[in-house]
Undergrad: 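Before I ask anything, let me first share the structure, which is written out below as structure tokens.
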Amino acid sequence: MNHYSKGFTYFICCVSAMGGLLFGYDWVVIGGAKPFYELYFGIADSPLLQGVAMSTALVGCLVGAMIAGAAADRWGRKPLLMTSAVLFTVSAIGTGLFNDFTLFNIARFVGGMGIGVASALAPMYIAEVSPAEIRGRMVSLNQMTIVLGILSAQIVNMLLARDTSVAESMAWNLEWGWRWMFWAETLPAALFLLMSFFIPESPVYLQFRAATTSQHAGQEGRLKELFQRQYGRVLLLGLVIAVFQQWCGTNVIFNYAQEIFVGAGFDVDGMFINIVITGIANVLFTFVALYTIEKWGRRTLMLLGAGGLGLIYLTLGTCYFFEVKGVMMVVLVVAAISVYAMTLGPVTWTLLAEIFPNRIRGVAMATCTFALWVGCCTLTFSFPSMNAALGSSGSFWIYSGICICCFVFLFRRCPETKGKSLEELEKELVK
């Protein structure tokens, strides 16, 4: 499919995966800034405005994912990766700069668009430039950079958040601390933009572009074609695994880590330390995924993730029910993060980048990524209400049930894709 040297292939995959690094950082940094910008903007007593601040980037994700497929098929993968780098840079500067709550949210929306574009384009681009024998590992590299971005945000938040018991430190947090949490993203965003000038266009896109006589008409045909009967099986699989990656419940731990660890009996300092511990586990077990994805295969890891999380959440919900506190809760949370990091986190992106035919991959990837972010939005919005109505025990029991149901679906429908070219997979999966 391409004639790049192995070293150059690693280079262009690493550059593309920088979109994942910024995705992870931008996604998590707001959690550490949350206690301080809420006081700065005077929304600490307004759940509605707090929800707006937390969800604006999600709306941007939906928009970015929605436009990514058509734009990537019309203008190419490389220009869209460069666009995401620009969006990340503008958002990082603006979010920390603005003193107006509306402008703050506009900047967050721009960053969300960057996440939406990068989450759809980076794994697709990597899959299209990688040889079949290392494609899974290379696409998983994108997930590795995502978790490194998450860990970076957690560490930056912990280092910048000064002792809240000291008045002078708290004043610094309210005026400058949360701003620098966002500004710290500017350097890697600018580096991503610079390095993206040195990567080539995807060979799959170039072949596709050469075979198209009418780009606009071709896009309309591919969108209609995606929903034709012959693609029904593979589209259903893509949509289910995309939504399941969110509705398995693990991202609740990242988005609401403060509430989860405080509910388990930890103070603020203990909360930040435990959040960093989960980030370290996330990185370590993503390394495990890089090793196992080409050995154990995608199907095995997806089943392990669904089944393992189902059991862990069942146990975690039971512990909340009996009001267990302390180290045991940290162990269970870290176990959940670890299982997710070596299974559903990276393998979902790998499968989404592999299972669709070349002709419709752009629009299909965008459609599934859009569904993924819809799943993320509904998960984020529903957890506070569900947690208030059912308690933490009931919430995690529901996530356990979702995982078990998806285990059954994956057991029946998920194919093994390791070691096969994209063209071979098209022949097998589209009938």
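Throughout, residue positions are numbered sequentially from 1 according to the sequence presented.
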Undergrad: Please tell me if the side chains of Met66 and Thr367 come closer than 4.5 Å, counting only heavy atoms from C-beta onward.
TA: no
Undergrad: Taking Tyr205 for the side chain and Arg74 for the main chain, is one N or O donor matched with an acceptor at less than 3.5 Å?
TA: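 Yes; at least one donor-acceptor contact below 3.5 Å.
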Undergrad: Hey, are the side chains of Leu81 and Tyr125 touching, using non-hydrogen atoms and a 4.5 Å cut-off?
TA: yes
Undergrad: Kindly give the heavy-atom pair with the smallest separation between Ser140 and Thr350, and that separation in Å.
TA: OG-OG1, 3.7 Å
Undergrad: With a 3.5 Å distance limit and no angle check, can you tell me whether Arg299 reaches the backbone of Pro415 through a side-chain donor-acceptor pair?
TA: no
Undergrad: Are side-chain N/O atoms of Thr83 and Trp75 paired as donor and acceptor at under 3.5 Å?
TA: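 Short answer, no.
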Undergrad: At their closest point, which heavy atom of Glu128 faces which heavy atom of Pro203, and how far apart are they?
TA: O-CG, 3.7 Å
Undergrad: Measure across Leu151 and Ile280 and return the closest heavy-atom pair with its distance rounded to 0.1 Å.
TA: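 Nearest pair, atom of Leu151 first, then Ile280: CD1-N, 3.7 Å.
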Undergrad: Take Trp349 and Leu372 through the test side-chain contact (heavy atoms from CB on, under 4.5 Å) and record every step on the way to the result.
TA: CA-CA 11 Å; Trp349 295 111; Leu372 184 148; 3.8 Å; yes
Undergrad: Can any side-chain N or O of Lys78 pair as donor or acceptor with the backbone N or O of Phe197 at less than 3.5 Å?
TA: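 Pair found, side chain donor or acceptor close to backbone of Phe197.
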Undergrad: Would you compute the distance between atom OH of Tyr320 and atom CG of Leu332 and round it to the nearest 0.5 angstrom?
TA: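 That separation rounds to 9.5 Å.
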Undergrad: I want to check something: taking the side chain as every heavy atom from C-beta on, are Val374 and Val243 in contact at a cut-off of under 4.5 Å?
TA: no
Undergrad: Are the side chain of Ser400 and the backbone of Gly310 linked by a donor-acceptor contact shorter than 3.5 Å?
TA: yes
Undergrad: Does Arg135 reach the main-chain N or O of Lys420 with its side chain, forming a donor-acceptor pair under 3.5 Å?
TA: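 It does hold such a pair.
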Undergrad: Looking only at non-hydrogen atoms, find the nearest pair between Thr417 and Ile355 and report the distance.
TA: CG2-CG2, 4.4 Å
Undergrad: Output yes when a side-chain donor or acceptor of Ser16 lies under 3.5 Å from a complementary backbone atom of Ile12, and no otherwise.
TA: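 No; zero donor-acceptor contacts below 3.5 Å.
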Undergrad: Can you tell me how the ring of Phe104 sits relative to the ring of Phe182, calling it parallel under 30°, perpendicular over 60° and tilted otherwise?
TA: perpendicular
Undergrad: Show the numbers, then the answer: is there a side-chain contact (heavy atoms from CB on, under 4.5 Å) between Thr348 and Gln143?
TA: CA-CA 10 Å; Thr348 292; Gln143 179 67 18; over 6 Å; no
Undergrad: Could you tell me if the side chain of Leu410 sits less than 4.5 Å from the side chain of Ile241, heavy atoms only?
TA: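 Ile241 reaches Leu410 side chain to side chain.
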Undergrad: Ring centroids only, cut at 6.0 angstrom: are Phe88 and Phe192 within range, meaning strictly under it?
TA: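 No, ring centres 6.0 Å or more apart.
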Undergrad: For Tyr313 and Trp247, I'd like to know if the aromatic rings sit close, meaning centre-to-centre distance below 6.0 Å.
TA: no
Undergrad: Where the side chain of Gln50 meets the backbone of Glu38, is there a donor-acceptor pair that is under 3.5 Å apart?
TA: no
Undergrad: Within the 4.5 Å heavy-atom criterion, are Cys13 and Ser130 side-chain neighbours or not?
TA: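 When only atoms from C-beta onward are counted, Ser130 and Cys13 do touch, with a gap below 4.5 Å.
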Undergrad: First locate atom CE of Met181, then atom CG of Leu160, and finally report the distance between them rounded to the nearest 0.5 Å.
TA: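 The distance works out to 5.5 Å.
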Undergrad: Are the side chains of Trp397 and Phe321 in touch, meaning some heavy atoms are under 4.5 Å apart?
TA: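 The answer is yes, as the side chains (C-beta and beyond) meet within the 4.5 Å cut-off.
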Undergrad: Okay, side chain of Arg361, backbone of Phe356: is any donor-acceptor separation there less than 3.5 Å?
TA: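 Yes; at least one donor-acceptor contact below 3.5 Å.
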Undergrad: Working to the nearest 0.5 angstrom, can you tell me the gap between Gln230 CD and Leu429 CG?
TA: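 It is 12.5 Å, given to the nearest 0.5 Å.
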Undergrad: When Met342 is tested against each of Leu304, Asn282, Thr286 for side-chain contact (heavy atoms from CB on, under 4.5 Å), which residue passes?
TA: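 Exactly one option meets the side-chain contact (heavy atoms from CB on, under 4.5 Å) with Met342, and it is Leu304.
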Undergrad: Heavy atoms, side chains only, cut-off 4.5 Å: are Phe287 and Leu290 in contact?
TA: yes
Undergrad: Taking atom CG of Leu425 and atom CD of Glu416, what is their separation to the nearest 0.5 Å?
TA: 9.5 Å
Undergrad: Begin from the C-alpha positions of Ser84 and Leu22 and carry the test side-chain contact (heavy atoms from CB on, under 4.5 Å) through to its verdict.
TA: CA-CA 9 Å; Ser84 70; Leu22 296 163; over 6 Å; no
Undergrad: Could you give the distance from CZ (Phe396) to CD1 (Ile402), rounded to the nearest 0.5 Å?
TA: 12.0 Å
Undergrad: So do Met329 and Cys319 actually touch side chain to side chain, heavy atoms under 4.5 Å?
TA: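 Answer yes - side chains close enough.
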Undergrad: To the nearest 0.5 Å, tell me how far Cys403 SG sits from Leu344 CG.
TA: 7.0 Å
Undergrad: Looking at Lys418 and Lys295, would you say the former's side chain and the latter's main chain have a donor-acceptor pair under 3.5 Å?
TA: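 Pair found, side chain donor or acceptor close to backbone of Lys295.
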Undergrad: I need the minimum non-hydrogen distance between Leu21 and Pro188, along with the two atoms involved.
TA: CD2-CB, 4.2 Å
Undergrad: Report the C-alpha distance between Cys376 and Leu58 in whole Å, list the side-chain angles of each, state the deciding distance to 0.1 Å, and finish with yes or no for side-chain contact (heavy atoms from CB on, under 4.5 Å).
TA: CA-CA 8 Å; Cys376 185; Leu58 289 175; 3.7 Å; yes
Undergrad: Quick check: does any side chain N or O of Ser393 sit under 3.5 Å from a backbone N or O of Thr318, one acting as donor and the other as acceptor?
TA: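 Side chain of Ser393 to backbone of Thr318, a donor-acceptor pair under 3.5 Å: no, none is there.
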Undergrad: If you look at every heavy atom in Asp73 and Val363, which pair is closest and at what distance?
TA: OD2-N, 3.7 Å
